[in-house]
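Shown next, in structure tokens, is the structure this report addresses.
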Amino acid sequence: MVTAAEEAQRTTAGLECLEPTLNGARIELDYVGTGHDGTLTRFTETVELPGSLEHVDDAVVRPVLRLLSLAASLSYFKAFAPGTISVPGGLTTVERTFLREVTRHGLGEFAYVNDLPAVFETPIDAPAAAPVAQPWVDEATPRKVLVPVGGGKDSVVSIEALREAGYEVGLFSVNSYAPIEATARVAQLPLHTARRKLDPELFRLNAEGAPNGHVPVTAVNSLVGLLTALALGFDTVAFSNEASASFGNIDWHGVEVNHQWSKGLEFERLLRGALPAGAPRYVSLLRPVTELRIARRFATRTAYHPVFTSCNRAFKLTEADRTSWCGECPKCRFVFLCLSPFMPRADLEAVFGGRDLFAEALDHADRYAGFLELLGKEGLVKPLECVGEPDECRVALSLVTEKPDWAGHPFLAEPEVVALHAAPGDAEAVLAFREGEHALTPDLEDVARAV
Ligand SMILES: CC(=O)N[C@H]1[C@@H](OP(=O)(O)OP(=O)(O)OC[C@H]2O[C@@H](n3ccc(=O)[nH]c3=O)[C@H](O)[C@@H]2O)O[C@H](CO)[C@@H](O)[C@@H]1O[C@H](C)C(=O)N[C@@H](C)C(=O)N[C@@H](CCC(=O)O)C(=O)O
Ligand SMILES: Nc1ncnc2c1ncn2[C@@H]1O[C@H](COP(=O)(O)OP(=O)(O)OP(=O)(O)O)[C@@H](O)[C@H]1O
């Protein structure tokens, strides 16, 4: 329910998205924010691609660039929320739907955490624009595949699956982080890095207390990846977003809030439907498999074990704030649990700097509760982080409990933990290939099936 006061605020405050500009490899995304007191703030976000787009048809580049401008606008819009998003240059029907959905679902966690349900109904003020391009159709056979690398386990599984199947693979990242560079070194494949820089005015507003929170960062990375693929001549961008990403955290004001929404199948379909003819294929290779199945395959990719990092604290924008495997966050707990059935105990503990996160949970009530959240103890909410479903955590728990190197571990023997074991038959279901729940071509489907 939106109150009259909220309604008045959101009609005056908000963000204006201006037409993005492109100069070779350099993109500028321009916005103007209007505060609730009427103050105007200008923002320019820059993206430097690893190759120029000069040689690519503008009829293909421009629609992708405009989608990037809309997805990236949310970082700035949130500082003025609730409010209106206006696009004075106009929106096509497809762009309007894209913007409405990325705002409603991509800012779902932000709305929930800041108690701003009005964000779900953000008004979009833009004249209608005529479609500028034919829609994209999935025709050509994938050959040259750009794999976005996040420095964690999922992209490693995709890289090796595609390479083993004989595809020409290139790696891509938005900004550079130690685990991403190390992954590329182990893979011995070229890493193409785009440099994305948020406008520092945003951090000033955040420091002054503007509303802040999670944004659908994978939506932005996806569009930068597509533009990079266009610049460098890749026909496919293959993300490593898993089946589990499509499941939300909590229902709130009639909307399913999902931290990982732009990693989910709904977003994948939305973006595919918004692309122009001539754009590269956008797909997630690991869509038909769960995190647990990915973990099982990653456990066999031992060359990457010393270098990968899934902990989000390794990926802060400010270098001084970065750490490797903190061992204390939901993501660390989740990866520890999911790899535990598939790796020798000593090797798993070595990944985490010699730490046993199960044992540590016995000494820290919050970490213990964190495992119960992952395991879906009744009444608890799945953490607002990139973690899998309670079902797969329960299967991991049951499998690790059977392993001799964990026999007699006191955490695994806790009655509250034992009560959260999987039911018979769950392992088979969790590890099964999800038939039809993906957008893969038949040949890429074969690659995914082998994961
Ligand atoms: C690294 C991380 O987890 N960051 C999240 C954290 O932000 P924090 O302040 O601790 O650090 P920074 O990331 O350095 O951000 C500084 C400020 O900049 C804002 N910001 C950042 C990127 C952006 O694109 N737009 C921005 O406005 C940010 O709000 C900070 O004020 O907490 C934030 C609030 O919850 C999160 O939004 C930060 O998440 C990053 C955007 C991020 O890159 N997160 C990924 C590791 C992540 O969560 N990936 C998800 C994918 C979800 C999706 O749908 O795309 C996942 O793997 O599940
Ligand atoms: N900075 C980045 N640049 C390019 N792609 C990225 C970046 N960060 C994440 N990704 C990609 O976005 C998707 C989601 O990221 P996610 O963190 O879930 O995967 P991951 O890092 O491969 O594995 P893990 O689940 O172990 O963290 C993956 O395809 C990942 O490769």
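For the numbers below, each heavy atom of this structure counts, side chains included, while hydrogens, waters and symmetry mates do not. In listed order, ligands and their atoms are each counted from 1.
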On the 0 to 90° scale, with breaks at 30° and 60°, tag the F352-W325 ring pair as parallel, tilted or perpendicular. tilted

From V149, L146, V174 - option closest to atom 6 (C) of ligand 2 by heavy atom: V149

Please state whether the rings of F336 and W406 are parallel, tilted or perpendicular, taking 30° and 60° as the class boundaries. perpendicular

Contact bool for atom 32 (O) of ligand 1 (protein heavy atom, d < 4.0 Å): no

Among protein heavy atoms, which sits nearest to atom 28 (C) of ligand 1, and what does the distance come to when rounded to 0.1 Å? N212 OD1, 4.1 Å

Which ligand 2 atoms, with their elements, are less than 4.0 angstrom from a heavy-atom of S155? 22 (O), 31 (O)

Hey, mind stepping through E392 and S244 against side chain to side chain donor-acceptor pair (under 3.5 Å) and telling me if it holds? CA-CA 9 Å; E392 46 192 323; S244 329; 2.7 Å; yes

Nearest 0.5 Å, please: how far is OG in S284 from CG in N241? 4.5 Å

With only distance considered, is G152 within less than 3.5 Å of ligand 2 through an N or O on each side? yes

Using a plain distance cutoff, I'd like to know if C386 has any nitrogen or oxygen under 3.5 Å from a nitrogen or oxygen of ligand 2. no

Atom 17 (O) of ligand 2 has as its nearest protein heavy atom K331 NZ, 3.8 Å

Less than 4.0 Å is my threshold; does some heavy atom of K78 fall inside it relative to ligand 1? yes

Atom 58 (O) of ligand 1: which protein heavy atom is closest, and how many Å away? C386 CB, 2.7 Å

Could you check whether the rings of Y282 and F267 sit parallel, tilted or perpendicular, using 30° and 60° as the cut-offs? perpendicular

Near F315 (heavy-atom distance under 4.0 Å), the atoms of ligand 1 are 1 (C)

Going by distance only, is there an N or O of S310 that falls short of 3.5 Å from an N or O of ligand 2? yes

When you measure from atom 3 (O) of ligand 1 to every protein heavy atom, which one gives the shortest distance, and what is it? N312 CB, 3.5 Å

For T122 and T103, run side chain to side chain donor-acceptor pair (under 3.5 Å): C-alpha distance rounded to whole Å, both residues' side-chain angles, the deciding distance at 0.1 Å, then the answer. CA-CA 7 Å; T122 295; T103 306; 5.8 Å; no

Sidechain-backbone polar pair: R293 side chain, V451 backbone, donor-acceptor under 3.5 Å: yes

Less than 4.0 angstrom from a charged side-chain N to a carboxylate O is my criterion; do E95 and R66 meet it? yes

Close N or O approach (Y177, ligand 2; < 3.5 Å): no

Atoms of ligand 2, numbered as shown, that sit under 4.0 Å from any heavy atom of F172: 4 (C)

Do me a favour and list the nearest non-hydrogen protein atom to atom 51 (C) of ligand 1 with residue, atom name and distance? T218 OG1, 3.5 Å

Using a strict cut-off of 4.0 Å, indicate which atoms of ligand 1 neighbour a heavy atom of Q260. 52 (C), 54 (O), 58 (O)

Say whether S240, considering both its backbone and side-chain N or O atoms, lies within less than 3.5 Å of an N or O atom on ligand 2. yes

Provide, to 0.1 Å, the distance between atom 11 (C) of ligand 2 and the closest protein heavy atom, together with that atom's residue and name. F239 CE2, 3.9 Å

Counting non-hydrogen protein atoms only, what is the nearest one to atom 19 (O) of ligand 2? Give residue, atom name and distance. D154 OD2, 3.9 Å

Where does the angle between the aromatic ring planes of F120 and W252 fall among parallel (under 30°), tilted (30 to 60°) and perpendicular (over 60°)? perpendicular

Does K263 reach ligand 2 with a nitrogen or oxygen that is under 3.5 Å from one of the ligand's nitrogen or oxygen atoms? yes

H105 contact mode with ligand 1 (heavy-atom cut-off under 4.0 Å): neither

Among all protein non-hydrogen atoms, which one is nearest to atom 11 (O) of ligand 1, and what is the separation to 0.1 Å? K316 CD, 3.5 Å

With nothing but distance in play, are any N or O atoms of P148 less than 3.5 Å from an N or O of ligand 2? yes

Return a yes/no value: protein heavy atom under 4.0 Å from atom 5 (C) of ligand 1? no

Note the single closest protein heavy atom to atom 50 (C) of ligand 1, along with its residue, its atom name and the distance in Å. H259 NE2, 3.7 Å

Any atoms of ligand 2 less than 4.0 Å from a non-hydrogen atom of S173? List them with their elements. 3 (N), 4 (C)

Atoms in ligand 1 with a heavy atom of K263 nearer than 4.0 Å: 51 (C), 54 (O), 56 (C), 57 (O), 58 (O)

Could you identify the single nearest non-hydrogen protein atom to atom 8 (N) of ligand 2 and state the distance to 0.1 Å? G150 CA, 3.5 Å

Apply side chain to side chain donor-acceptor pair (under 3.5 Å) to the pair E160 and Y304, showing each step before the final yes or no. CA-CA 11 Å; E160 293 304 333; Y304 294 91; 2.4 Å; yes

With heavy atoms under 4.0 Å as the rule, classify the contact between L317 and ligand 1 as side chain, backbone, both or neither. both

Short list, please: which atoms of ligand 1 are under 4.0 Å from a heavy atom of F203? 17 (C), 18 (O)

Using a cut-off of 6.0 Å, state whether more than 12 heavy atoms not belonging to N23 lie near its atom CG. no

Note: L198, heavy atoms under 4.0 Å from ligand 1, region reported as side chain

Which residue and non-hydrogen atom of the protein lie closest to atom 53 (C) of ligand 1, and at what distance in Å? S262 OG, 3.1 Å

Under 4.0 Å, heavy atoms only, figure out whether ligand 1 is touched by the backbone of V113, its side chain, both or neither. neither

Identity and distance of the protein heavy atom lying nearest atom 38 (C) of ligand 1: H214 ND1, 4.3 Å

Could an N or O of ligand 2 be found under 3.5 Å from any N or O of E242, whether backbone or side chain? no

Subset of ligand 1 atoms that lie under 4.0 Å from at least one heavy atom of G213: 29 (O), 34 (C), 35 (O), 37 (O)

Contacting atoms of ligand 1, where contact means under 4.0 angstrom from a heavy atom of L202: 27 (O)

Any chance you could lay out the side chain to side chain contact (heavy atoms under 4.5 Å, CB included) test for T44 and Y31, step after step, and finish with the verdict? CA-CA 6 Å; T44 300; Y31 309 100; over 6 Å; no

Take E101 and R269 through the salt bridge (Lys or Arg N to Asp or Glu O under 4.0 Å) test and state the conclusion after the steps. CA-CA 12 Å; E101 295 303 300; R269 290 189 171 137; over 6 Å; no

What atoms in ligand 1 come closer than 4.0 Å to a heavy atom of R196? 23 (C), 24 (O)

Any donor-acceptor pair under 3.5 Å linking the side-chain atoms of R26 with those of T21? no

What do we get for N206 next to ligand 1 when only non-hydrogen atoms under 4.0 Å count, side chain, backbone, both or neither? side chain

Atoms of ligand 1 under 4.0 Å from any heavy atom of V215, numbered from 1 in the order shown, are 23 (C), 24 (O), 25 (N), 37 (O), 41 (C)

Might you check, step by step, whether the distance between atom 26 (C) of ligand 1 and some protein heavy atom is under 4.0 Å? yes

Between F234 and H192, how do the two ring planes meet: parallel, tilted or perpendicular, split at 30° and 60°? perpendicular

Among protein heavy atoms, which sits nearest to atom 13 (C) of ligand 2, and what does the distance come to when rounded to 0.1 Å? N241 OD1, 3.2 Å

I need the minimum non-hydrogen distance between E256 and S246, along with the two atoms involved. OE1-O, 4.1 Å

